Amino acid sequence: MASLCGRLILRNTRREFSTSTPWLGWFSKGPKYLPDPIEHAQGLEKRELLAELSGNDDPFMTKAIIRTDNTKDKPIMVPSAFDSRMIGCICEEDQTYICWMWLHAGAPRRCECGNWFKLQKKTPITAD
């Protein structure tokens with residue numbers, strides 16, 4: 001009796017599973033689509049999406065900078081919208097850790113490996 005009761009409970013609590021899209025034709029006219037993300041975005045998110053559409057794939061200046069030959073007179077320029085920025089330098093190609101340092105506006109700064117970095121002022125993306 002207990003096993004029969006258990007089977008009835010399991011049979012009655014089964015849910016139907018469907019992989020097809022639900023048909024919403026009884027109250028809508030024509031196909032329904034998800035709206036464009038730019039129409040729903042607001043503030044800073046919308047500015048970021050518009051910057052990506054205009055071709056700027058790094059609006060927040062977070063991509064890695066490839067090191068080139070540099071000196072104190074010709075340092076690697078690091079973009080920043082602020083007066084200081086923390087940067088990380090992978091000094092050797094096989095190095096497993098990052099040398100972190102603060103870079104401040106003004107004079108260039110030298111890493112332990114001999115590379116020179118200087119802060120370059122950029123305009124920030126603002127949310128109006």
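Numbering of residues begins at 1 and proceeds along the displayed sequence. Computed from a predicted model, the values in this text were never measured in an experiment.
Two different hydrophobic clusters hold F60 and I65 under the rule that ILVMFWY side chains link at heavy-atom gaps under 4.5 Å.
Rounded to the nearest 0.5 angstrom, E48 CD and N56 CG are separated by 10.0 Å. Distance check: L49 CG to E39 CD gives 12.0 Å after rounding to the nearest 0.5 Å. Remark: K122 NZ to M77 CE distance equals 9.0 Å, nearest 0.5 Å.
At a threshold of 4.5 Å between non-hydrogen side-chain atoms, the residues I66 and I76 do not count as touching.
Other residues, nucleotides and ligands contribute only 12 or fewer heavy atoms inside 6.0 Å of the CG atom of D69. Atom CZ of F82 has 12 or fewer neighbouring heavy atoms from other residues, nucleotides or ligands inside a 6.0 Å radius.
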Task: Worked verdict on I38 versus K46 for side-chain contact (heavy atoms from CB on, under 4.5 Å) - done: CA-CA 6 Å; I38 294 177; K46 187 167 190 168; 4.0 Å; yes

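Here the shortest heavy-atom pairing between D57 and K63 reads OD2-NZ, 2.9 Å.
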Counting only pairs under 3.5 Å, give me each side-chain donor-acceptor contact of residues 100-118, with atom names and distances, residues two or more places apart or in other chains.
from	atom 1	to	atom 2	distance (Å)
R109	NH1	W102	O	2.6
N115	OD1	N70	ND2	3.2

Side-chain donor-acceptor pairs under 3.5 Å in residues 83-95, sequence neighbours left out?
from	atom 1	to	atom 2	distance (Å)
D83	OD1	K121	NZ	3.3
R85	NH1	M61	O	3.2
R85	NH1	P79	O	2.3
R85	NH2	M61	O	2.4
Q95	OE1	C91	N	3.3
Q95	OE1	E92	N	3.0
Q95	NE2	Y97	O	2.8

